[in-house]
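These notes are about the structure you will find just below.
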Amino acid sequence: MAKTRVLIVGGTGYIGKRLVKASLAEGHRTFILRRPEIGLDIDKLQVLMEFKRQGAELVEGSFSDHRSLVEAVKKVDVVICAISGVHFRSHNLLLQLKLVDAIKEAGNVKRFLPSEFGVDPAQMEHALAPGRVTFDEKMTIRKAIEEAKIPHTYISANCFAGYFVGNLSQMETLLPPKHKVSIYGDGNVKVVFMDEEDVATYTIKSIDDPRTLNKTLYLRPPENILSQSELVGKWENLTGKSVDKTCISKEDFLANMEGADFVMQVGLGHFYHIFFEGCLTNFEIGEDGEEASRLYPEVEYTRMHHYLNRYLDI
């Protein structure tokens, strides 16, 4: 049986690199969009060259050149976009409208997975400004996809472990705090934490699965649905040491937004929805969604106590 031809846009990025690796591991014929805007970025070029060595095919295309995008997507069955949507790195979500136009014109793509991979934007109509811009833009992309009648799958991957687990969900650091940790509210709101490698694995498994066609795939493996207090407890068990805990009320947490710069306000708003409101787990998956670990029980997903091991002795 012929493997699927997959184009990954943003294949040198944080999640994009993992998607390329997972696609190659599944034996798919894997293409990566090589944008001329890469310029003198030697790190990205070396990532591309290494993937080429591993069997990926590089195809040139640019968001500023519609015809090049059309020609790129004509080569494949599935397009996955992984361009950045986080404000502290780069925020380019609406560029995907050009990709939607190219897919619509090409007419051959059997599945499009836009750059989502976080909170389900369909659940975030109430989100705080300015952070709601992320969800609003993702919904703009969804609207364009659906109006163009492009077959699709949306991936709701919740909290990447690299940003939320090693630091025990503290802001402005990626490493575990040595002595003190801030607990949001009572620390008991349930959150979903995901190893990024598993995000990529589940994503690639969904691309030609009829059960995920025109649906949202939620990554909610049961053992990774944890509260912040449970996460901190796992770290304390690993280290054999307790950390001082300071509980922050929602009022005090939101007060930090006053006077903060735009990027910090976005981050504070997202943290508020996740850790105070429980936006990742406060709803049931409906008929328009599926849960990844149920569909793909063969995936041995990483549990967070194992993930935390890598931070010992740093």
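For the numbers below, each heavy atom of this structure counts, side chains included, while hydrogens, waters and symmetry mates do not.
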> Would you find more than 12 non-hydrogen atoms of other residues, nucleotides or ligands less than 6.0 Å from E125 atom CD?
Replying inline: no
> Judged by modelled atom types alone, do S229 and S227 share a side-chain donor-acceptor pair under 3.5 Å?
Replying inline: no
> Can you tell me if E196 uses its side chain to pair, donor with acceptor, with the backbone of G162 under 3.5 Å?
Replying inline: yes
> What closest approach, in Å, do V189 and G278 show between heavy atoms, and which atom pair accounts for it?
Replying inline: CG1-CA, 3.3 Å
> Is there side-chain contact between F275 and F164, with heavy atoms separated by less than 4.5 Å?
Replying inline: yes
>> Can you confirm whether H126 is buried at NE2, in the sense that more than 12 heavy atoms of other residues, nucleotides or ligands lie under 6.0 Å from that atom?
In response: yes
> Hey, is the main chain of T216 close enough, under 3.5 Å, to the side chain of E290 for a donor-acceptor pair?
Replying inline: no
> Does D77 use its side chain to pair, donor to acceptor, with the backbone of K110 at less than 3.5 Å?
Replying inline: no
> Are a donor atom and an acceptor atom from the side chains of R111 and T153 found within less than 3.5 Å of each other?
Replying inline: yes
>> Surrounding NZ of K104 (heavy atoms of other residues, nucleotides or ligands, distance under 6.0 Å), is the total greater than 12?
In response: no
> Between T281 (side chain) and V191 (backbone), is there a donor-acceptor pair under 3.5 Å?
Replying inline: no
> Any ion pair linking D195 and R310 (charged N to carboxylate O, less than 4.0 Å)?
Replying inline: yes
> Quick check: does any side chain N or O of N224 sit under 3.5 Å from a backbone N or O of T302, one acting as donor and the other as acceptor?
Replying inline: yes
>> Determine whether N237 and H305 satisfy the following criterion, side-chain hydrogen bond (donor to acceptor under 3.5 Å, both in side chains), listing intermediate values before the conclusion.
In response: CA-CA 9 Å; N237 288 337; H305 61 280; over 6 Å; no
> Does the side chain of E137 come within less than 4.5 Å of P121's, by heavy atoms?
Replying inline: no
> Where do E60 and R34 land on the salt bridge (charged side-chain N to carboxylate O under 4.0 Å, His left out) test, with the steps shown first?
Replying inline: CA-CA 5 Å; E60 186 168 355; R34 181 179 66 78; 3.1 Å; yes
> In terms of heavy-atom contacts, does NZ of K215 have more than 12 from other residues, nucleotides or ligands at under 6.0 Å?
Replying inline: yes
>> Using salt bridge (charged side-chain N to carboxylate O under 4.0 Å, His left out), reason through E71 and K75 one step at a time and then give a plain yes or no.
In response: CA-CA 7 Å; E71 293 305 315; K75 296 178 181 292; over 6 Å; no
>> In the structure I gave you, are the side-chain heavy atoms of S293 and E223 within less than 4.5 Å of one another anywhere?
In response: no
> Cut-off 3.5 Å, side chains only: do D101 and H66 have a donor facing an acceptor?
Replying inline: no
> Is there a ring pair (Phe, Tyr, Trp, His ring centres under 6.0 Å) between F271 and H273 once you walk through the steps?
Replying inline: CA-CA 6 Å; F271 264 63; H273 295 305; over 10 Å; no
Return a table of donor-acceptor pairs under 3.5 angstrom between the side chains of residues 246-264 and protein atoms on other chains or two or more places apart.
| residue | atom | partner | partner atom | Å |
| --- | --- | --- | --- | --- |
| S249 | OG | D252 | N | 3.1 |
| S249 | OG | D252 | OD2 | 3.4 |
| N256 | ND2 | F253 | O | 3.3 |
| D261 | OD1 | V263 | N | 3.4 |
| D261 | OD1 | M264 | N | 2.8 |

>> For the backbone of E146 and the side chain of H152, can you confirm whether one donor and one acceptor N or O come within less than 3.5 Å of each other?
In response: no
> With a cut-off of under 6.0 Å to the ring centre and 45° to the axis, is R142 in cation-pi contact with Y154?
Replying inline: yes
> Near K52 NZ, under 6.0 Å, is it more than 12 heavy atoms from other residues, nucleotides or ligands?
Replying inline: no
>> Check R220 with E291, please: is the shortest side-chain N to carboxylate O separation under 4.0 Å?
In response: no
> Under 6.0 Å between ring centres, would you say that holds for H306 and Y301?
Replying inline: no
> Got a sec: does the CD of E172 have more than 12 other heavy atoms crowding it under 6.0 Å?
Replying inline: no
> So, Q170 side chain and S182 main chain: donor-acceptor pair closer than 3.5 Å or not?
Replying inline: yes
> Is the shortest side-chain N to carboxylate O distance from E105 to K74 below 4.0 Å?
Replying inline: no
>> Which label fits Y311 and Y307: parallel for a plane angle under 30°, tilted from 30 to 60°, or perpendicular past 60°?
In response: tilted
> Has the side chain of T140 got a donor or acceptor atom that lies under 3.5 Å from a matching backbone atom of D136?
Replying inline: yes
> Are any of the side-chain nitrogens in R211 or D209 under 4.0 Å away from the carboxylate oxygens of its partner?
Replying inline: yes
> Is a donor on one side and an acceptor on the other found under 3.5 Å between the side chain of T30 and the backbone of H28?
Replying inline: yes
>> Hydrophobic cluster membership, with links at side-chain heavy-atom distances under 4.5 Å among I/L/V/M/F/W/Y: are V165 and Y202 in one?
In response: yes
> Between G166 and L308, what is the shortest heavy-atom contact and its length?
Replying inline: CA-CD2, 4.3 Å
> Can you tell which of V73, I83, L69 makes a side chain to side chain contact (heavy atoms under 4.5 Å, CB included) with V9?
Replying inline: I83
>> Can you give me the closest heavy-atom contact between A122 and M139, atom names plus distance?
In response: N-SD, 3.7 Å
> Can you check side-chain hydrogen bond (donor to acceptor under 3.5 Å, both in side chains) on E50 and Q54, steps first, answer last?
Replying inline: CA-CA 6 Å; E50 174 59 20; Q54 294 175 23; 2.9 Å; yes
Sequence neighbours excluded and cut-off under 3.5 Å, please list the side-chain donor-acceptor pairs for residues 15-22, or say none.
| residue | atom | partner | partner atom | Å |
| --- | --- | --- | --- | --- |
| R18 | NE | E197 | OE2 | 3.1 |
| R18 | NH1 | Y14 | O | 2.5 |

>> Would you say that V199 contacts L219 through its side chain, given a criterion of any heavy-atom pair below 4.5 Å between the two side chains?
In response: yes
> Less than 6.0 Å separating the ring centroids of Y218 and F283?
Replying inline: yes
> What's the verdict on salt bridge (charged side-chain N to carboxylate O under 4.0 Å, His left out) for K205 and E298, showing C-alpha distance, side-chain angles and the deciding distance?
Replying inline: CA-CA 11 Å; K205 284 190 172 294; E298 70 276 12; 3.3 Å; yes
>> For E277, is there any backbone N or O sitting under 3.5 Å from a side-chain donor or acceptor partner on N282?
In response: yes
> Going by an N to O cut-off under 4.0 Å, is there a salt bridge joining K241 and E236?
Replying inline: no
> Does a donor on one side chain sit under 3.5 Å from an acceptor on the other, for N167 and T173?
Replying inline: no
> Charged N to carboxylate O under 4.0 angstrom, E230 versus K190?
Replying inline: yes
